[in-house]
Amino acid sequence: MPKILIIDDERVIRSTLKEILEYENYDIHEAQDGVEGLKKIESQDFDLVLCDIKMPKMDGLEVLEKVSKMDKQPQFIMISAHGSIESAVEATKMGAFDFIPKPPDLNRLLLTVRNALDKKTLVTETKVLKKKLSKKLDMVGESPAIQDVKETIEKVAPTDARVLITGPNGTGKELVAHWLHQKSTRDKAPFIAVNCAAIPSELIESELFGHEKGAFTSANKQRQGKFEQANGGTIFLDEIGDMSLSAQAKVLRALQEHKITRVGGDKDIKIDVRVLAATNKDLKKEIDENNFREDLYHRLSVILIQVPALKDRTEDIPLLVDRFLEDIAKDYGTAKKSIEDKAIKKLQEYPWTGNIRELRNVVERLVILSDQTISLEDIKKYADY
């Protein structure tokens with residue numbers, strides 16, 4: 001049941017609002033002035049506050065300002081007499097959801113309350129999802145190799161420097177890119193990831209830079225490319241070593257001139273994008289074999305981050321396994337399984353050619369096929385090389 005606080009110095013208004021809202025099955029609480037209302041907000045959790053603007057001791061704008069600095073932030077609907085409409089507009093600029101005039105219109109009141117509570121629900125769900133995403137993107141490990149990566153991210157992320165992330169498949173290169181974006185000043189803007197290896201060479205330019213209507217047979221309408229979609233934020237070019245030379249030339253121009261041209265177009269489009277790239281290939285070898293542009297390599301590799309293979313950080317395997325056991329249990333809606341120390345030590349002996357991705361798959365297999373405690377025998381039976 002949504003919990004609503006009514007702050008108003010007029011008892012008749014409080015009683016009227018309470019009667020209307022309790023009929024709609026809301027849990028209603030009252031305060032006769034701003035001071036009392038603020039104390040109740042500090043001591044209790046409310047989903048919504050209906051707050052008068054003109055009150056003795058502390059007016060509604062001051063209550064709103066003080067609550068906006070708290071960790072708990074209920075939605076606010078300001079109640080205003082005709083003489084305080086300007087103040088009500090000011091309140092919406094300060095973060096109030098809306099305002100309703102006195103005397104309140106029943107239909108507008110109920111609609112505004114429902115919409116404000118819907119927004120409160122969305123805000124709460126967004127915070128939960130961000131926490132889940134943050135945990136999902138967490139870089140687990142305490143080995144010197146992974147600590148070096150974390151320290152580099154902390155130094156580089158706040159800048160706009162281009163970063164080339166290298167390492168074998170399955171080591172978490174995209175995870176590093178997400179961290180660089182989340183810890184940057186662009187974190188509120190888009191993060192657009194492009195797997196260059198998964199896009200046919202004849203479509204990569206259209207995917208990256210967009211196309212005009214009629215640019216080719218199936219171009220039925222104008223389309224924005226990934227660079228435009230990432231404007232103001234970050235574009236992550238994964239497996240850039242698989243990009244065609246013609247596309248490489250256009251990416252180089254985008255980096256040099258901060259502008260792109262759609263396929264089939266002649267108009268320059270300015271872009272403000274931070275470029276992160278990743279590859280599992282030896283790009284210097286690719287340059288020698290004329291498969292990769294040397295000038296693009298130097299543009300991309302302002303900062304180099306080498307993500308270690310799992311075999312080079314086996315001391316992190318116990319932490320990784322524990323995290324995977326926790327995540328898989330949540331995904332399956334079951335109790336978290338435990339694992340014997342001998343089983344962990346056995347896992348640390350394997351070469352893990354598929355790196356963290358392979359380890360995660362093996363842990364999931366063990367969770368499905370083993371009893372509540374994963375034993376050494378389970379490892380030998382279900383995970384042995």
Any donor-acceptor N/O pair, S206 side chain to L203 backbone, under 3.5 Å: no

Interatomic distance, T261 atom OG1 to E205 atom CD [nearest 0.5 angstrom]: 11.0 Å

Does L255 share a hydrophobic cluster with I204, counting links as ILVMFWY side-chain heavy atoms below 4.5 Å and allowing steps through other members? yes

When rounded to the nearest 0.5 angstrom, what is the spacing between CD in E42 and CG in L38? 4.5 Å

Would E30 and L17 count as a side-chain contact (heavy atoms from CB on, under 4.5 Å) if you check the C-alpha gap in whole Å, the side-chain angles of each, and the deciding distance to 0.1 Å? CA-CA 10 Å; E30 299 179 54; L17 292 174; over 6 Å; no

Distance in Å, R108 CZ paired with N115 CG, rounded so as to fall on 0.5 Å steps: 11.0 Å

Taking side chain as C-beta onward, heavy atoms only, is I379 less than 4.5 Å from Y350? yes

Between D316 and R323 (salt bridge meaning N to carboxylate O under 4.0 Å), is one present in this structure? no

Less than 4.0 angstrom from a charged side-chain N to a carboxylate O is my criterion; do E142 and R313 meet it? no

V367 backbone acceptor or donor facing K337 side chain under 3.5 Å: yes

Could you check whether any side-chain N or O of K226 sits under 3.5 Å from a backbone N or O of L237, counting only pairs where one atom can act as donor and the other as acceptor? no

Can D272 and R186 be counted as an ion pair, charged N to O under 4.0 angstrom? yes

Count I, L, V, M, F, W, Y as connected when their side-chain heavy atoms are under 4.5 Å apart, and connections chain through other members. Are V273 and V302 then in the same cluster? no

Would you check, one step at a time, whether the test salt bridge (charged side-chain N to carboxylate O under 4.0 Å, His left out) holds for D331 with R360? CA-CA 13 Å; D331 289 344; R360 208 276 186 193; 3.5 Å; yes

So, applying salt bridge (Lys or Arg N to Asp or Glu O under 4.0 Å) with E228, which one of K270, R262, K259, R223 is it? R262

Checking side-chain contact (heavy atoms from CB on, under 4.5 Å) between I339 and each of L376, L347, T373, D322, which is the one that passes? L347

Between the main-chain N or O of L117 and the side-chain N or O of T121, is there a donor-acceptor pair closer than 3.5 Å? yes

Hydrophobic clustering (ILVMFWY, side-chain heavy atoms < 4.5 Å, transitive) - are I13 and L110 grouped together? yes

Decide if atom CD of E19 counts as having more than 12 heavy atoms of other residues, nucleotides or ligands within a radius under 6.0 Å. no

Check the pair D268 / R253 against salt bridge (charged side-chain N to carboxylate O under 4.0 Å, His left out), numbers first and verdict last. CA-CA 11 Å; D268 286 338; R253 178 179 180 249; 2.8 Å; yes

Any salt bridge between E36 and K39, counting N to O under 4.0 Å? no

Kindly indicate whether the side chain of T314, heavy atoms from C-beta on, has any atom under 4.5 Å from the side chain of E349. no

Could you tell me whether the side chain of E239 and the main chain of A277 form a donor-acceptor pair under 3.5 Å? no

Indicate yes or no: at least one non-hydrogen side-chain atom of D45 is less than 4.5 angstrom from one of K3. no

Between Q224 and G210 (side chain of the first, backbone of the second, donor and acceptor by atom type, cut-off under 3.5 Å), is there such a pair? no

Which residue pairs pass the ring-ring contact (aromatic ring centres under 6.0 Å, His included) test with at least one member in residues 187-226, sequence neighbours excluded? H178-F191, H181-F191, F209-F227, H211-F216

Should K57 and D9 be marked as a salt bridge (charged side-chain N to carboxylate O under 4.0 Å, His left out) after you check the CA-CA gap, both sets of side-chain angles, and the distance that decides it? CA-CA 10 Å; K57 298 184 182 180; D9 59 324; over 6 Å; no

Is a side-chain donor or acceptor of K173 paired with a backbone partner of G167 at a separation under 3.5 angstrom? yes

Is it possible for you to say whether L21 and L106 belong to one hydrophobic cluster, with membership spreading through side-chain heavy-atom contacts below 4.5 Å? yes

Stepwise, does the side-chain hydrogen bond (donor to acceptor under 3.5 Å, both in side chains) test hold for D378 with S375? CA-CA 5 Å; D378 293 324; S375 66; 3.1 Å; yes

Heavy atoms, side chains only, cut-off 4.5 Å: are V63 and F76 in contact? yes

Would you check, one step at a time, whether the test salt bridge (charged side-chain N to carboxylate O under 4.0 Å, His left out) holds for D8 with K102? CA-CA 11 Å; D8 199 303; K102 291 182 179 180; 3.3 Å; yes

Please round to the nearest 0.5 Å and tell me the distance separating atom CZ of R293 and atom CG of L300. 11.5 Å

Report the residue from V49, D47, V113 that forms a side-chain contact (heavy atoms from CB on, under 4.5 Å) with I4. V113

N355 and T171: side chain donor to acceptor below 3.5 Å: no

Please list all pairs meeting ring-ring contact (aromatic ring centres under 6.0 Å, His included) that have one or both residues in residues 260-302, counting only residues at least two apart or in different chains. none

When rounded to the nearest 0.5 angstrom, what distance separates CG in L276 from CH2 in W179? 15.0 Å

Tell me if a side-chain donor or acceptor on S15 pairs with a main-chain N or O of V12 at a distance below 3.5 Å. no

Separation of F46 CZ from D27 CG (nearest 0.5 Å): 8.0 Å

Can any side-chain N or O of R162 pair as donor or acceptor with the backbone N or O of R299 at less than 3.5 Å? yes

Look at E151 together with K155 and state whether they make a salt bridge at an N to O cut-off of under 4.0 Å. no

Just so I know, are the side chains of L359 and V321 near enough to count as touching, which here means a heavy-atom distance under 4.5 Å? yes

Exam field: side chain E315 to backbone S143, donor-acceptor pair closer than 3.5 Å: no

